[in-house]
Each structure stands twice: as C-alpha cells, then as structure tokens.
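Start at 1 and go down the list; that is how both ligands and their atoms are numbered. Note that this is a predicted model, so its numbers are computed, not measured.
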Amino acid sequence: MKTAARREKIEFFGLQGTSPPPPRIPTTITEFDRVLGGGLVPASAVLVGGDPGIGKSTLLLQASAALGAAGQRVLYISGEESIDQIRLRAVRLGLTSAPLHLAAATQLGDILGSFEKFPDAKLVVIDSIQTMWTDGVDSAPGSVTQVRAAAFELIRAAKTQGFALMLVGHVTKEGSLAGPRVLEHMVDVVLHFEGDRGHQFRILRGVKNRFGATDEIGVFEMTGAGLAEVANPSALFLAERRGNVSGSAVFAGLEGSRPVLVEIQALLSQNAGGAPRRSVIGWDSGRLAMLLAVLETRCGLKLAMNDVYLNVAGGLRVTEPAADMAVAAALISAAADVPTDPGMVFFGEIGLSGELRQVAQAELRVKEAAKLGFVSAASPKRVAGGSARPSVPPAIKLVEIGHLTDLVGVVSSGVKRRIASGDSNG
Ligand code: TYD
Ligand code: MG
C-alpha cells in the first residue's frame with residue numbers, strides 16, 4: 001500500500017532540457033574557489049582532509065571569516081577546540097571583527113537543532129567529523145559507525161536547508177581519510193590539504209568534485225598570520241634553486257589549468273652492496289623504475305649499480321607523465337656530473353623504446369617558462385600529421401627531442417658549454 005503510493009511519485013526525465021549551472025558562493029579566497037570550481041555550491045557537502053597540524057582549521061576559519069565579511073551567515077562548529085582557542089587563532093589571523101557564529105559542540109542532536117535558528121545560513125563548518133557523535137548509534141565517537149551516521153545526518157540537513165557543508169576529516173598515517181571510505185562517497189567534493197612540514201607552503205587539491213574539475217590545485221603559504229594565497233607558484237617552487245649543480249632539471253608542468261614550474265633533483269651514489277636503493281619523493285616510483293630501465297637499455301647509461309634518489313623540490317607531488325623528460329634530464333645530468341642548461345625547461349612523456357611523446361598544453365608551459373626568464377625549452381619532436389607547432393614567445397628557443405639519446409646529447413653538451421664560457425664550477 002505504502003510502496004504503491006511511492007511509485008506514483010517517481011517521475012522520469014530525458015537528458016535534454018536545460019538545467020542551469022549550480023549557483024556559486026565565492027569565498028573570495030581565489031585559490032580556494034579555484035579548487036572548488038568557482039565557489040561553494042548551496043546544499044552541497046565538501047570534505048577537507050589532511051594531516052594533523054597542516055592548517056585545515058586555519059584555512060576554514062579564514063574562508064568562514066571571508067564569507068561572513070561578505071555578508072553571508074556562517075556557522076563554525078568545533079568539536080576539537082574551545083571558543084577561547086578559536087578566538088586566539090582569530091586574533092593571530094586578524095579576523096576578530098568578522099561576523100561569525102562560533103560554537104563548541106559534539107552532540108549531533110544539539111547541532112542539528114541549532115540550525116533552526118539560522119534558516120539563512122549559507123555555510124556550516126564542522127571541525128572535525130570524527131569528533132561528532134549521535135545518541136542513535138551505540139558506539140564510541142570517532143568509530144566508523146558514528147562518523148558515518150553523523151555525516152549522513154549533517155549532509156541531509158545541508159540538502160534540505162540549502163547551506164553548504166564543510167566537514168574537516170582526519171587523515172590516517174597511510175594518507176587516506178580516517179573513518180569509513182564511504183565518507184568520500186557521501187559528499188559531493190573531496191579536497192586534500194597537503195604540505196610538507198619542513199616547508200611553508202600548502203597545496204589544496206581536488207580529489208573528487210561533482211561540480212567541477214578535480215585536477216586544480218590551490219597554493220598557499222603558511223605565514224605567522226595564517227595562510228596567504230600564492231598567485232605565482234612557479235616563482236615559489238624555484239626560489240631555492242641553485243644554478244650550476246648537476247642532477248637538477250626544471251620541469252614545465254601543469255596543475256589543472258595552471259602551468260607550474262618545479263625543479264626535479266636526482267642524486268646517484270655508489271651502491272655499498274645489496275639491492276640498490278631507489279628512493280623517490282614527489283613522483284611515482286614505478287615510473288622512475290621504468291625510466292631507469294629505458295635509460296640503461298636504450299642509451300647505455302649504467303645505473304644498475306647506483307643508489308638513485310629523486311626529489312621534487314619544495315614538496316610538490318607531480319603526477320603528470322610529462323615530467324618524464326625532466327626526470328631523465330636530471331638523471332643524465334647526475335650520471336654525467338654536468339649541470340643542465342640553467343636557462344632550459346623540460347617537458348615530454350617517454351615511451352619504452354626511448355621515444356619522446358607529445359603532451360598537452362605545450363604553449364602554456366613554454367609561456368610560463370618565458371615569463372620566469374627561461375630562454376629554451378626541450379620538448380618532444382613533432383611527428384608528421386601530429387600536433388601543430390606550439391606558438392612560442394620569441395624569447396624562447398624550442399629544442400625538439402625525438403629520442404632519449406638526443407636528450408643525452410643536449411644535457412652532455414653542458415660540458416662544452418662550460419669549457420667555452422671558461423666556467424670552472426660544478
Ligand atoms: P591548524 O589549522 O590548527 O591545523 P589542523 O587544523 O590541520 O590540525 O594549524 C596548525 C599549524 O599551523 C600550527 O602548528 C601552527 C601553524 N600556524 C601558523 O604557522 N600561522 C598561523 O597563523 C596559524 C593560525 C597557525
Ligand atoms: Mg584543526
């Protein structure tokens with residue numbers, strides 16, 4: 001009887017027809033909005049994960065304050081910190097005058113009940129979902145069942161009342177969001193806040209986004225007064241680069257729609273016996289193993305007896321295969337003990353026979369390199385019928401590489417360059 005009544009309520013639609021794009025509420029923090037796909041979407045749920053101490057609470061307090069200052073009603077509910085602690089942080093961030101509704105609470109019933117007082121709330125922040133608990137579930141706070149139940153109730157409230165919900169989620173040692181994996185399935189957007197404790201910058205990365213692209217990143221710098229946006233990440237990632245050192249090459253990369261230049265560093269050392277070490281930070285170790293094999297087999301570089309260390313400087317994690325050429329250049333440079341040309345950037349994917357393959361957005365990469373003062377770019381050689389020659393700013397010379405052996409030539413020519421310029425460094 002009941003099911004029959006339900007069945008009549010279901011309506012079916014075609015794919016045609018116009019659904020307007022979801023409305024957006026910009027947080028006014030540009031780097032944040034970029035990752036969200038243009039701002040917060042009403043009646044949606046966002047999960048922000050990250051290591052303890054990375055800056056999640058700081059980021060969300062700054063975003064909440066910015067929205068509050070823009071005239072939107074924002075509720076910030078913390079289960080981890082007292083009101084005093086949050087106020088202290090606000091003092092440090094210079095945000096004490098922002099209109100916000102703060103609460104320290106963990107009991108879900110109380111929290112859901114309090115929403116009735118603010119039917120016009122645009123954003124509700126829950127810091128963190130692991131501290132929330134509900135009477136209805138008979139297990140400890142932080143347990144999988146509690147986290148799932150609390151998230152379910154909060155998301156339902158967001159959908160029915162129309163506010164954007166941001167949940168802070170803790171990350172386990174293994175790097176996955178603690179609690180149920182199912183949390184990632186329940187929300188519309190999953191963001192990871194990453195960074196290396198030794199470095200001041202932080203990266204907000206989209207992992208899942210039902211309303212936008214997931215390959216965008218937002219770059220921030222943790223300062224004494226909170227997170228500052230980094231509008232030009234390339235300059236930041238290259239800031240500590242020293243010229244004239246072997247084993248370093250600049251990769252002209254792409255993070256979402258934005259070109260980002262990073263330094264790739266390689267170090268080879270004689271293996272002291274046993275299996276040679278392969279240590280990688282910021283890149284895929286399987287990919288490194290493949291490149292080493294290709295360098296050995298196709299170019300005769302003898303690396304099997306060396307320990308190999310590879311590092312993406314500054315703590316960025318690079319996932320693009322386009323980084324192959326820069327990694328290879330760094331390895332060749334380390335093996336030959338010759339610095340790569342300090343004015344050159346590298347990009348291109350490498351195949352198993354040692355051939356260079358085209359990658360997307362060559363023009364954007366080269367333009368960014370020109371902007372930062374580089375004068376040449378090693379890029380994959382175009383094949384007949386392949387993609388058109390990228391239109392390159394006059395300040396940059398394109399060095400087309402067809403095969404890894406050509407790259408060995410280009411990198412090793414640094415020896416001649418050094419002799420010619422009378423430079424005895426390196
Ligand atoms: P926090 O936002 O509390 O991290 P999370 O919520 O992810 O655990 O930030 C923690 C660190 O950030 C803390 O170690 C101190 C540092 N910090 C600054 O360097 N500057 C600041 O202005 C603030 C608020 C924090
Ligand atoms: Mg916190």
Side-chain angles (χ1 to χ4, degrees), residues 27-32 35-36 45-69 74-98 100-106 111 123-133 141-142 146-147 150-151 154 165-179 183-184 187 189-207 217-230 236 239 314-315 317:
T27 62
T28 71
I29 299 179
T30 314
E31 295 293 304
F32 204 162
V35 181
L36 287 169
V46 180
L47 179 65
V48 180
D51 287 332
I54 208 71
K56 300 180 295 298
S57 301
T58 307
L59 178 68
L60 292 193
L61 189 62
Q62 284 183 250
S64 301
L67 260 183
V74 180
L75 314 185
Y76 187 103
I77 299 161
S78 178
E80 309 213 323
E81 290 161 307
S82 66
I83 300 292
D84 285 339
Q85 283 172 310
I86 301 168
R87 282 187 178 150
L88 264 178
R89 179 180 288 127
V91 169
R92 190 169 178 186
L93 301 172
L95 297 174
T96 44
S97 59
L100 267 194
H101 300 272
L102 286 183
T106 54
I111 292 169
L123 170 65
V124 174
V125 173
I126 302 286
D127 187 2
S128 64
I129 187 64
Q130 275 91 2
T131 55
M132 300 295 141
W133 60 278
Q146 279 288 6
V147 168
L154 285 162
L165 173 71
M166 297 202 93
L167 303 172
V168 172
H170 289 297
V171 158
T172 59
K173 270 209 199 81
E174 296 75 44
S176 63
L177 282 157
L183 209 52
E184 299 199 13
V187 297
V189 179
V190 179
L191 307 179
H192 279 193
F193 204 36
E194 314 168 340
D196 175 354
R197 289 298 176 75
H199 291 93
Q200 76 285 17
F201 54 83
R202 304 280 179 265
I203 290 155
L204 188 65
R205 192 183 287 277
V207 179
I217 61 166
V219 185
F220 297 90
E221 192 177 355
M222 183 60 100
T223 71
L227 292 155
E229 296 185 59
V230 175
L236 183 76
R317 191 161 48 78

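- Between Leu183 and Ala151, the shortest heavy-atom contact is CD1-CB, 3.2 Å.
- Judged by distance alone, the side chains of Ser128 and Glu80 do bring a donor and an acceptor atom under 3.5 Å apart.
- Looking only at side-chain heavy atoms (C-beta outward), Leu36 and Leu191 come within less than 4.5 Å of each other.
- For ligand 1, the protein residues within 4.0 angstrom (heavy atoms only) are Asp51, Pro52, Gly53, Ile54, Gly55, Lys56, Ser57, Thr58, Arg89, Arg92, Leu93, Met222, Thr223, Gly224, Ala225, Gly226.
- At a cut-off of 2.8 Å, Ser57 is counted among the residues with an N, O or S atom near the Mg ion (ligand 2).
- Under the 4.5 Å side-chain criterion, counting only non-hydrogen atoms from C-beta, Tyr76 is not in contact with His101.
- Closest approach of Val35 and Gly206 over heavy atoms only: CG1-N, 3.6 Å.
- Of all the heavy atoms in Leu123 and Met166, the pair that sits closest is CD1-CG, 3.5 Å.
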